[in-house]
Structures are given as C-alpha cells and as structure tokens.
2 protein chains.
Amino acid sequence: MSASWIDRFKGLSQLPPDIRDQLEAGSQIVSVPAGTQVFAPGQTADNLLLLLDGTIRVQQKSDTGREVFLYRVHAGESCVLTTACMLAFEDYSADGIAETDVRAVAIPRATFDDLVAKSPVFRTFVFAAYSRRISDLFALIDDIVFRRMDVRLASRLLELSDARNVVHATHAVLGNELGTAREVVSRTLSEFHRRGWVEQSRGEVHLTDRAALEHLVRSSGMHL
Amino acid sequence: MSASWIDRFKGLSQLPPDIRDQLEAGSQIVSVPAGTQVFAPGQTADNLLLLLDGTIRVQQKSDTGREVFLYRVHAGESCVLTTACMLAFEDYSADGIAETDVRAVAIPRATFDDLVAKSPVFRTFVFAAYSRRISDLFALIDDIVFRRMDVRLASRLLELSDARNVVHATHAVLGNELGTAREVVSRTLSEFHRRGWVEQSRGEVHLTDRAALEHLVRSSGMHL
DNA sequence: AACCTTTGGTGACAAGGTCACCAAACCCGG
DNA sequence: CCGGGTTTGGTGACCTTGTCACCAAAGGTT
C-alpha cells in the first residue's frame, strides 16, 4: 500500500505534491458490494467516484419503464458525468449500479470544487474524462442509429468475453445492454451458432470463432 | 448596447465585477454567416462559443458517411461540450454548423481556463451547461431506442413550427434530424395528412391540428 | 419550351421490435 | 430423488422501420 491510489490514474500522477496531499486528505476510499445503486436519478450526487476495482454500469430508466444501457465505468476511470450535477446542483438523470464488488475513491463536492479551482492538472484530468465519456455517448448514438444488430451483438460479445472466450450473460442481459429485445438476441445467436461461430449453454455463450466475429464487425465500419 | 451581453446568460449575471471585466476584456464578439462550419472533428476547439443570435446544429458524421443530428444550440446557450476538448486537448468528434447567421461571444481557451479557476459562479455556469447538454443526450438516446417514429416526428414538428404553425423543412431534412429515412417521413406525414392533422406543400408542413399532434406525443411518454 | 434539379410518393423487401406462448434447464424444499 | 416453481431460451405471427429502386410533380434556368 506504499504507492498511493493516485498513481493508478494516469492524468493524476503529475499532480504537484501539495495538491496530492490535499486530494488524499480530502477524499476517502469506499467499498460497496455488487448490486448497490451508487447513484440514482432524483438524488444529488455528493461525490465524484474514481474506480479502483470493479465496474459500474450506468443506464437510464426510460419514461416507459424500460432501461437503456449507456456505458460502463471500469477500474481506473471515473463517474465524471455526475460532477456536472454536483456543481450545478441538478439531478442526474441516469442511474449507476455496481456490477461487481467495487472499491473506489470518493471525492466530496467541496474537495472537487476546490481542486478544480486550484490545480490545472486536476482540471485537465476532469475535462479529459468528460471528453472521453461524451465521445463514447456520441459513438453509442451512432451505433444505435446505423449499425446492424448482428454487428453490434458480435462486437459486444467480443468485448465481454473472458480469457476462455466465454461470455457469462443471459440473452436477456445482452438484449438489455444493446437496447434490444431478448428475442432478437436469441435469434441472432442462433444464426451465429448455425454458422459455427458460437456454442451456447444456459447463461453463457462460448465464442468458438473469434476471427469470424471480428471479421463481421470489421466488415461494416469499425468501433473498437 | 449599454447592457453587457453577459446579462443575456442567466448563470453569468451574478458574476462579481472584476470577473465580468475580465470576461469582457478576454473575449470577443464574432459573427459568422449561415452555413459556416463552426467546429469540426479533427480540429482542436480554441474557443467556447456563447450564442447571442442564431442557432448552431451539432451533428456527428458516421463512419458510414451518414450524419446523426445530436442537438441544436440556441441563442442564450453555449457550445459547452467542446470545452471538454479545449482543456483536454482532444479532438471533438462532432461537427457544428451555423444554421442561420450567428453572432456569438468567443472565449479563448486561456480566458476560459482562468475563469474556471477563479470564479465559482463561472464554474457553476459551465457545469450547469454540461449537465443540461448531457441530459439532452440521454433523452435523445432514450427517444431513439424507445419511441415510435410517428411520435418523434410529431414532437419535432411542434418544436420546429413557427408562429403560423408552419414548419419550413423538406422531408429529407426532417429525416436527417430524426436519424431516419426520408421515405419514413413522407409516409408518416401522409398518414398525418389522412387524419387531417397537417397540410403539405413543397418544402413546408402546415400544422392544422396542433392539439392532435400534442395528444399523440403526450399519449406515449412525455418529452417536451 | 426544353431541360435539369429538387422534392416527394410508392411498392417490395429486409431487419428489427412486440406479443403470446411453450419447453427445457435449473433450483429448492420435502 | 421427486415435484413444483422459476429462470432462461425458442418460435411464429405480426407490425414498424429502414432500404432500394424507381417514378412523378414542382420549381428553376436558359
């Protein structure tokens, strides 16, 4: 534990010593179990979270009751979009749920505001994080509007697969991630199976031909 | 011209005198004709624009060559999302085009950065603007994923109609705004016409029954 | 008037979302 | 190990939307 958590965040490692101290003193490491709602609409965000371990899933509840997956925050990233609402005292319209057990640094509003004022490096860190998230949102919109479901599913499967090329997710979960219906996922996966690209079993998908999936993704405009 | 432009922006009117002076001195009023590309991907944003008159349309060019409409910046609002890239020195992936002749205040990066550091009021202004834009993006995603085209079209027609209940836009333009095909707009408008809600003529749509359109929008989840 | 461009209309089809319903796999208490 | 409930996945019918190919009408230009 000799190395500070600060060095886990690329943009922060250049902070001058006094700011580092203030950041460490003015923040606190928190742990939350999987499934916890980290922030929710109608609830003012009081902390900026910097993820040390685990992932947080950010989604929006639709007026119609359903949910859209927006993005996922990984270790080393931050829930920076909530800060807009921290400082503007507005409600955040999306909710965040810990997908796994999560360890994170919580920076309270006062500390955050103070650091943004004092430190150009911190400011750049914050705005860079914004920039990345917003680009992600743009890419998401692009995806939804223009890319075919099979391509998006293939892409997501590749992204979610573990070292053994297995994706642990039900069809319903995958549908939810892509903002589509479970039936569509089932049908598309059947098609992938027919082509010999995947094997299926309850609650998981085994990718038997990553190359083919990658080719499908690549063959129609690229996105990670 | 006795009143400063600053008072046209709600969040800025409370700025303390010294900051006001700095803001006025460190920025500049610019005019650009309709059709100008105000910012583009691959081009670093050097100024934050605060719109005094006119509108700017922000869209993203897809990998596949097509365009998605993202949002529109009106007088009294700012192109704040570009600032993320200003400070982070990253490229912005969307492009902005002046839809009308535009007058705007251009705040250069240095001034912007300085003001964010010095003034809590300015900081709040910036983050509030962020918050609003991001909420809009979330709402857009929600719309695209869950709402029917007829509802979205009705909603957009109401939004774009002038004092005489006329929308000046071709089907192609409307399709582009909604991220759908011209044909779909044509078909849907025919249906609206059949129901007696609109009259059509080349390049414009006359809303003859706003109430009916509003009812359609209201009847399936609301969004302005 | 002859021609071109822009705009809008249409039919056929493919992709995707919705609904209703069923079947297989799994889970758990007894 | 059995039996019932729950979760997960599969399927067909149907509707909406996106795509393609093409045409027709309106406007503008020379």
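The figures here come from the full heavy-atom set of this structure, side chains too, leaving out hydrogens, waters and symmetry mates. Naming convention: chains lettered A, B, ... in sequence-line order (proteins, then strands); numbering from 1 in each chain. None of the values given here were measured: they were computed from a predicted structure.
Atom-to-atom, CZ of B:R147 to P of D:dT17 comes out at 12 Å; the value is rounded to the nearest Å. Between the CD atom of A:E191 and the C1' atom of C:dG16 there is a distance of 14 Å, given to the nearest Å. In this structure, the CZ atom of A:F192 is 14 Å from the P atom of D:dG10, given to the nearest Å. When the P atom of D:dG18 is taken as reference, atom CE of A:M149 falls 15 Å away, rounded to whole Å. The interatomic distance linking A:R194 (CZ) with D:dG10 (P) rounds to 15 Å, in whole Å. What separates CD of A:Q200 from C1' of C:dA25 is a distance of 14 Å, to the nearest Å. Taking atom CZ of B:R148 as the reference point, atom P of D:dG18 lies 11 Å away to the nearest angstrom. When the P atom of D:dG9 is taken as reference, atom CG of A:L153 falls 12 Å away, rounded to whole Å.
Applying the ring pair (Phe, Tyr, Trp, His ring centres under 6.0 Å) test to residues at least two apart or on different chains, the pairs with a partner in residues 153-196 of chain A are A:F192-A:W197. Residue pairs meeting the salt bridge (Lys or Arg N to Asp or Glu O under 4.0 Å) criterion with at least one partner in residues 31-44 of chain A, sequence neighbours excluded, do not occur; the list is empty. Sorted by first and then second residue, the pairs that involve residues 202-217 of chain B and meet salt bridge (Lys or Arg N to Asp or Glu O under 4.0 Å), not counting sequence neighbours, are B:R210-B:E214.
Comparing the axis of the opening five pairs of the helix from C:dA1-D:dT30 to C:dG30-D:dC1 with that of the closing five pairs yields an angle of 30°, rounded to 10°.
Scanning for ring-ring contact (aromatic ring centres under 6.0 Å, His included) contacts around B:F127 gives an empty result, with sequence neighbours left out. Remark: B:F39 pairs with B:Y92 by the ring-ring contact (aromatic ring centres under 6.0 Å, His included) rule, at least two apart or across chains. In terms of the side chain to side chain contact (heavy atoms under 4.5 Å, CB included) criterion, residue partners of A:V38 (sequence neighbours excluded) are, by chain and number, A:L49, A:I56, A:A98. Partners of B:F138 under the ring-ring contact (aromatic ring centres under 6.0 Å, His included) rule, at least two apart in sequence or in another chain, do not exist in this structure. Partners of A:F112 by ring-ring contact (aromatic ring centres under 6.0 Å, His included), not counting sequence neighbours, listed by chain and number: A:F122. The side chain to side chain contact (heavy atoms under 4.5 Å, CB included) search around B:R132 returns A:E90, B:A128, not counting sequence neighbours.
Of the residues in residues 165-176 of chain A, none lies under 4.0 Å from DNA chain C by heavy-atom distance.
A donor atom on one side chain and an acceptor atom on the other are found under 3.5 Å apart for A:T83 and A:Y130.
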Under 4.0 Å protein heavy-atom contacts per nucleotide of nucleotides 19-26 of chain D, with B for base, S for backbone only and - for none: BBB----B
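Contact of the A:V30 side chain with the A:R103 side chain is not registered, since no non-hydrogen atoms from C-beta on lie closer than 4.5 Å.
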